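Handing you this structure, nothing more for now.
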Amino acid sequence: MNRITIEIWLWIGKELGDDFASPSEMRSIREESVAEGTTIKQLLDDLAGRYPPIARSVLDTKTKRLLPNIVVNYNDRVISPHIVHDQVLKDGDKITVLPIYVGG
Amino acid sequence: MDIGGYTGKILRVDLSKDETSIMELDRSTIEKWIGGVGFGARLLYEEVPAGIEWSDPDNRIIWTSGPLAGSGVYGAGTFNVTSKGSLTNLAGCSQANGYFGAYMKFSGFDGIVFQGRASDLVYLWIKEGKAEIRNASRLAGKDVWEMEDALREELGVKEKDVSIYGIGPAGENGVRYSAIVGDRGHLAAHNGLGAVMGSKNLKAVVACRGEKTFEVKDPARLKEKNKALFEHAKGFGPVYEWGSGGGLSALYGIGCLPVRNYTTNIFPEHEQMNGQYMRTHFEIRSKPCYMCRIAHVKEVTVTEGPYRGFVGEEPEYEQLAAWGPMIGNTDLGAVVMLSREVDRLGMDCNEASWTIGWVMECYEKNVFTKRDLDGLDMRWGNVEAVKAMLNKIAKREGVGNLFAEGVMRASRKTGGVAVDWAVYTQKGCSPRSHDHRGGRWAELLDTCVTNTSTLESTWAGIHPQLVDLPAVHDPFSHEEVSTINAKFNGIRQFDDCLGTCRFASTDPKLQLECLNAVTGWKLTLEDAFTIGRRVINQLRVFNFRHGMKKEDERPSTRYGSVPVDGPAEGKNIMEKWDWMIENYYTLMGWDPKTGKPLPKTLEELGLGELVKDV
């Protein structure tokens, strides 16, 4: 199993409850254990299945793709949404899910 | 006027002759250009021929409202200013909210065209169809807050009896990025429109509240659609709850926060500088614009740090970025102080910050010494030195005279390696306070190819799904970005014809329903795009006639550089810049090699008479 840190920057900490640490209104953080060979997309699908606020805020339920206003950072680097589907996670990786077009 | 939403009159003010007159609007002009930036673009083209420079008395400065202003649509106090601006010496179009757009119409006018130059400093007063040019010499040198106070006292009116917009010392002294400021902290900031006012010896315009002077054709339908529009705006991003600064940390997360003049993208203090922090730590009071229920405009009292007790307007996102990470400052109270200072002096925070940030980098790297900078210690984060420099710029005092020219001209005059450190477009207009090299390539492209001198196609990113276009999935795809920018272009300029605030009118379809209810029209989304594209092409022909070249539609070296760290490290927009530009031009109906509108494009937009100009 690989340990992955997942950060959600979508102001949904109150909805996610105690499973996530919420150091601020915006950020929710959790560590996940995933099987060898798991991709970013598979991890997001799994989280969406367990946490309705993530399903609502991150994935398009019809197309199963990321919502158009969502971007994913992999180890603090923005990655193309196409890579999200294929990138295999390694132990110690960090995934950040955040909105791309907000405010100012 | 038998079209709802219009007074049918434009006021002409000849400052050289000290006289005013009325222009009647005809139906075909209204239907073709709608108002706001549409009226401005057309009048500028008709009245300012090639060879007239921004500071020439024959330049025009055109203030226009739109059919929704004052109609009852929430947040519809917006007006547009169009002129040949001082940063680009090309068209400049900028909008401000507050009350003026509504009050100008209640005073009997859909717009005001200023021409000439007054022999002494003056202001314009309008009320119930009357207009007077009045002496303002006693207001010389006053900042915009003092100006508003002095005029209200002189007129014996209460705060909301009048809307006042004008210029501070920066505009009077011809600072190239001076703004038109009014209603206690709102700005038409882009392309030095305040400097144009200053060149005409026009200090301010006062519009009295008055009574509604136009009809709303279908009030019941307007009420229904307006309510739906508000609900949409309320749920669109974090602005309703946290202000435009609510997205600051998210922008940091995608590499879009400008940090120390683009020298890095690392700024771990972002969560103590954002809208959430502001609204949970500082004292906040609402200061909504005309009939606005979104009410994102606030006044704040700083409650911690060295500026505890300081009272100012809540900084918008651009101010937070400009006076926080951009200059290496991590104290939010200092951001409130500097935001207030730059507004008070009457300057655009964007260009001011690009200039100050560049000065600081030059100082840190020994291009400028303390002596070069009139004794100011311009190290990163020294906010009191920044405040002092802003005052020097506004007065064109000492080294401030150089920096009053804006960062493109100041860097070119300085020369050497420092030229490559300045953030600007080759036209001379400023990006907004982002690092567009991060996840906002759409805005970087838009900033370079715009005809308005500020955003044209995009707004706070790009939202094509609002008009049933495919969303951009990969913000770093040259093809997706240039294609969607072109396909989406038009609806935002249509929006800027209407006299409403973007934050309160987030759904273009509902906004169009409101327009049809007010005017009695049956415009479709396709009509709206056509009108918006007509405005864009009108401005583009004006700009080519005034000397714009395709080569000007590029970022400066630093603006188009590759981020060296942070979330967007290594992303390179310039890798396929030429391809991206040609794709964009082609989809806009412009010659891919020259960028000039093709005759077919102009004819399809009802602008066949412009073919001879390109």
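Each chain gets a letter, A, B and so on, in the order the sequences are listed, and its residues count up from 1. Keep in mind that what you see is a predicted model, and the values were worked out from it rather than measured.
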- Query: Parallel, tilted or perpendicular for B:Tyr262 and B:Trp354, by the 30°/60° rule?
  - Reply: perpendicular

Practice item. Please work out whether the ring planes of B:Tyr252 and A:Trp9 are parallel, tilted or perpendicular, with thresholds of 30° and 60°. Key: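 Judged by the thresholds at 30° and 60°, the geometry between B:Tyr252 and A:Trp9 is parallel.
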
query: Side chain, backbone, both or neither: which part of B:Glu271 has a non-hydrogen atom closer than 4.5 Å to chain A?
result: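 The side chain, not the backbone.
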
side-chain hydrogen bond (donor to acceptor under 3.5 Å, both in side chains) filter on B:Thr450, not counting sequence neighbours, yields B:Thr452

Okay, A:Thr96 and chain B: the region with an atom under 4.5 Å from a heavy atom over there is neither

Can you tell me which of B:Lys571, B:His473, B:His296 forms the most heavy-atom pairs within a distance under 4.5 Å of chain A?
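Of the options given, most contacts go to B:His473.
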
Turns out that what part of A:Asn73 lies under 4.5 Å from chain B's heavy atoms comes down to side chain

Under 4.5 Å to a heavy atom of chain B? For A:Leu66 that would be backbone

Worksheet item: Excluding sequence neighbours, so at least two apart, what forms side-chain hydrogen bond (donor to acceptor under 3.5 Å, both in side chains) with B:Glu480?
Response: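 With neighbours one apart ignored, the set is empty.
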
Using non-hydrogen atoms and a limit below 4.5 Å, what part of residues 24-46 of chain A faces chain B?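 Counting heavy atoms that sit under 4.5 Å from chain B, the residues of residues 24-46 of chain A involved are A:Ser24, A:Glu25, A:Met26, A:Arg27.
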
Practice problem: Would you please classify the geometry between the B:Trp459 ring and the B:His463 ring as parallel, tilted or perpendicular, with 30° and 60° separating the classes? | Solution: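 Rings of B:His463 and B:Trp459: tilted, 30 to 60°.
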
Aromatic ring pairing B:His434/B:Tyr317, orientation class (parallel under 30°, perpendicular over 60°, tilted between):
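If you compare the ring of B:His434 with that of B:Tyr317, the planes turn out parallel.
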
B:Lys298 meets the salt bridge (charged side-chain N to carboxylate O under 4.0 Å, His left out) criterion, sequence neighbours left out, with none

Please report the shortest heavy-atom distance between B:Ser94 and B:His190, naming the atom on each side.
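Smallest heavy-atom distance, with atoms named: OG-N, 3.2 Å.
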
Under 4.5 Å to a heavy atom of chain B? For A:Val71 that would be side chain

d(B:Asn489 CG, B:Glu456 CD) to nearest 0.5 Å is 4.5 Å

Checked B:Ala568, B:Gly566, B:Ala471 vs chain A; the most non-hydrogen pairs under 4.5 Å come from B:Gly566

